[in-house]
2 protein chains.
Amino acid sequence: MSSTSVCKATDPVAPMRPVIPLYAVARTDVPKQRGARCSNCAMRTLCLPPELSATDYGRLDAIICTTRHVRQGDSLYRAGDAFQSLYAVRAGSFKTVIVHRDGREQVTGFQITGETLGMDGIASSEHTCDAIALEDSVACIIPYGQLQKVCNELKSMQQYLYQMLSNEIVRESTQMLMLGTMSAEQRLAQFLLNLATRFKARGYSGSEFNLRMTREEIGCHLGIKLETVSRMFSRFQRDALVETRGKRVHIVDAERLALV
Amino acid sequence: MSSTSVCKATDPVAPMRPVIPLYAVARTDVPKQRGARCSNCAMRTLCLPPELSATDYGRLDAIICTTRHVRQGDSLYRAGDAFQSLYAVRAGSFKTVIVHRDGREQVTGFQITGETLGMDGIASSEHTCDAIALEDSVACIIPYGQLQKVCNELKSMQQYLYQMLSNEIVRESTQMLMLGTMSAEQRLAQFLLNLATRFKARGYSGSEFNLRMTREEIGCHLGIKLETVSRMFSRFQRDALVETRGKRVHIVDAERLALV
DNA sequence: CGGTTGTTTGAATCCGTTCAATACCTGTGG
DNA sequence: CCACAGGTATTGAACGGATTCAAACAACCG
């Protein structure tokens, strides 16, 4: 999620191996801040195409020059906001939520370091969901108009953007499969294994981590009630698949968990 | 869905007002066929950006020159197939299905005339779902590589492609909301109203139409069992919201149906 | 330290599933 | 043309997984 230098530093777990060092980030909630550089960002392997030259990075540095600090619970953008930029999570984590007229809420995704936000806004020039910080977080601002210009000259970047959009489509399809066909137990198992994979890809432990979201937010993502989430955690504990203590998660037997 | 000249012509309902005339299409299942022309296709307002010049259309005609006829039940592409083209439905209709290792199936969407297929394949150069024809259908083949070239010269087309991808993301988010938060009754109501809107946008009746999919396929899309779909149809009938006779649907009271 | 928020667990209830039987529709072949 | 077959749709009754409501507990913050 974040390096120890960022945010509240109350996390004694995930950053034990700070494999991906990040710049120190002031805790003040300054809306924008210069100084971010793609060219030497530790996250660049996650949000940029792999084969970029030094001059390519220079071009991106000229575009993505601001970051935004978002306090826990605050929004990066809200449904209805004019779409102007994509965002990359530089530190911390977010949830994206769509709210129906009648108040129904669905968490459409959780985004951690190196993942991208805001692609829903391209269609209608308006965001269709809220992006809320799960902890004090930092996002890189990627102005869409300028990104397009870069894409016109940098074909690999253009291709990468198409792929990111398509990836989001595939991710959501998978989530639909989960919501449409799986039991509460299976949904939670898949959710934990998916999170584990993403943490591992970032150099953190894939078996021990801290959840940044509440049981309610997990339930709202998986289409089940928070009580059910809690019951399933208890069941996993009983069956020696996962150990939990509050937000702390230890996946004991990933293989069996996948077969639930 | 299709004009009377296409397919089995067993549909006495939807094409009663053939507002969108289509070219006659031979019933033989020829894999590819020349002769399609974007410039004078009746569907062009649906799958292309609005403000194109004659020369712009000429460019597209040079690219999208083949169509493919797909028999009911046959696939346009399958999960694992190499991604090479996007597809636009020219006549008929399709469903897209993801199949989990364990056999679980989820219908991620239904595509009718003028809608687009295949965007899931961009991410990994492989399709991730099956696209199956619900009736004898015709799809325009849009070679992705060549489309990219056109996009590089035709900015409005490029923007449109980005928007189409984003639109798909938004559509899937909405579907997730449905799967995650709504009762069986509400899901079916929303589904029917959504279909009605799309038919209406194509010049057909928004209150009377024929379903092209079975109860099982509807259920598989809505995350409920086919028996439940049937029960909800019966409930709507009892409450004078919708009248059905097999695949024939008449939405009697759309306002109340939306409030279910 | 007290108040707030988040988590766990139990018991009763309910919605959707499962299993099963019957009816229907459509295309096929006698 | 009618009868038949096979897939599709409807309906009932019993069951079960998830929800609801409620209460107790734990963790966190000012």
Side-chain angles (χ1 to χ4, degrees), chain A residues 7-13 27 71-73 95 104-105 107 132 134-136 178-189 191 210-238 242-249 260, chain B residues 7-13 27 71-73 95 104-105 132 134-136 178-189 191-192 210-238 242-249 260:
Chain A
C7 307
K8 289 172 289 175
T10 53
D11 185 353
V13 178
R27 286 194 48 191
R71 277 275 169 78
Q72 178 174 45
K95 64 172 176 180
R104 258 176 260 264
E105 288 191 10
V107 173
I132 314 283
L134 294 177
E135 59 193 305
D136 292 3
M178 188 148 109
L179 292 169
T181 70
M182 293 188 182
S183 68
E185 189 178 35
Q186 293 167 329
R187 293 182 203 191
L188 186 59
F191 171 70
N210 272 4
L211 298 173
R212 283 289 129 87
M213 63 295 282
T214 66
R215 302 288 191 261
E216 173 152 39
E217 287 165 330
I218 295 173
C220 204
H221 181 51
L222 302 181
I224 55 184
K225 294 288 143 183
L226 70 104
E227 294 95 329
T228 307
V229 174
S230 185
R231 276 182 242 277
M232 294 306 130
F233 269 128
S234 301
R235 187 184 293 181
F236 289 157
Q237 186 112 12
R238 186 200 65 191
V242 176
E243 278 164 17
T244 54
R245 254 200 35 241
K247 292 222 159 64
R248 184 108 186 66
V249 170
V260 154
Chain B
C7 308
K8 290 172 285 176
T10 52
D11 186 353
V13 179
R27 285 194 49 190
R71 277 274 168 78
Q72 179 175 46
K95 64 172 176 181
R104 259 177 259 264
E105 289 191 10
I132 314 283
L134 295 177
E135 60 193 304
D136 292 1
M178 189 147 108
L179 291 170
T181 69
M182 293 188 183
S183 68
E185 188 178 34
Q186 293 166 329
R187 293 182 204 191
L188 186 59
F191 170 70
L192 291 174
N210 271 4
L211 298 172
R212 283 289 128 87
M213 64 294 283
T214 65
R215 302 288 191 260
E216 173 152 40
E217 287 165 331
I218 295 172
C220 203
H221 181 50
L222 301 181
I224 55 184
K225 295 289 143 184
L226 70 106
E227 293 96 329
T228 306
V229 174
S230 187
R231 276 182 242 278
M232 293 307 129
F233 269 128
S234 301
R235 187 183 293 181
F236 289 157
Q237 186 112 13
R238 187 200 65 194
V242 176
E243 277 164 19
T244 54
R245 256 202 30 243
K247 293 222 158 65
R248 183 109 187 67
V249 170
V260 154

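In the text below, chain A, chain B and the rest are named by the order of the sequence lines, each starting its count at 1.
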Who pairs with Glu243(A) by side-chain hydrogen bond (donor to acceptor under 3.5 Å, both in side chains), at least two apart in sequence or on another chain?
-> none
Residues passing the side-chain hydrogen bond (donor to acceptor under 3.5 Å, both in side chains) test with Ser234(B), sequence neighbours excluded, are none
Side chain to side chain contact (heavy atoms under 4.5 Å, CB included) against [X], all qualifying residues, sequence neighbours excluded:
{"X": "Lys225(A)", "answer": "Glu227(A), Thr228(A)"}
{"X": "Thr214(A)", "answer": "Glu216(A), Glu217(A), Lys247(A)"}
{"X": "Ser183(B)", "answer": "Glu185(B), Gln186(B)"}

Can Thr181(A) and Glu105(B) be counted as having a side-chain donor-acceptor contact under 3.5 angstrom?
-> no
Short side-chain N/O contact to dA9(D) OP1/OP2 from Lys247(B), under 4.0 Å | yes
Could you point out which residue of Met213(A), Arg71(A), Arg212(A) forms a side-chain contact (heavy atoms from CB on, under 4.5 Å) with Glu135(A)?
-> Arg212(A)
Just the table, please: protein N/O against nucleotides 16-20 of chain C N/O, every pair under 3.5 Å.
| unit_1 | atom_1 | unit_2 | atom_2 | d |
| --- | --- | --- | --- | --- |
| dG16(C) | OP1 | Ala184(B) | N | 2.7 |
| dT17(C) | OP1 | Lys225(B) | N | 3.3 |
| dT17(C) | OP2 | Lys225(B) | N | 3.2 |
| dT17(C) | OP2 | Thr228(B) | OG1 | 2.2 |
| dT18(C) | O4 | Arg231(B) | NH2 | 2.7 |
| dC19(C) | N4 | Glu227(B) | OE2 | 3.4 |

Value in whole Å for how far the [atom2] atom of [N] lies from [atom1] of [X]:
{"X": "Gln72(B)", "N": "dG27(C)", "atom1": "CD", "atom2": "C1'", "answer": "12 Å"}
{"X": "Glu217(A)", "N": "dT5(C)", "atom1": "CD", "atom2": "P", "answer": "14 Å"}
{"X": "Gln237(A)", "N": "dT9(C)", "atom1": "CD", "atom2": "C1'", "answer": "14 Å"}
{"X": "Gln186(B)", "N": "dC14(C)", "atom1": "CD", "atom2": "P", "answer": "17 Å"}
{"X": "Leu188(B)", "N": "dA9(D)", "atom1": "CG", "atom2": "P", "answer": "13 Å"}
{"X": "Leu211(B)", "N": "dT8(D)", "atom1": "CG", "atom2": "P", "answer": "14 Å"}
{"X": "Phe233(B)", "N": "dA9(D)", "atom1": "CZ", "atom2": "C1'", "answer": "11 Å"}
{"X": "Arg215(A)", "N": "dT9(C)", "atom1": "CZ", "atom2": "P", "answer": "10 Å"}

To the nearest 10 degrees, how far apart in direction are the end axes of the helix from dC1(C)-dG30(D) to dG30(C)-dC1(D), each fit to five base pairs?
-> 40°
For DNA chain D, whose closest nucleotide is more 5', that of Arg245(A) or that of Met213(B)?
-> Met213(B)
dT8(C), dA9(D), dT7(C): which one has an atom nearest the side-chain heavy atoms of Thr214(A)?
-> dT7(C)
Which one, dT11(D), dT7(C), dT9(C), comes nearest to the side chain of Ser234(A)?
-> dT9(C)
Would you say Arg187(A) and Leu179(A) make side-chain contact, with heavy atoms under 4.5 Å?
-> yes
About how many Å separate CD1 of Ile218(A) and CZ of Phe233(A), when rounded to the nearest 0.5 Å?
-> 4.5 Å
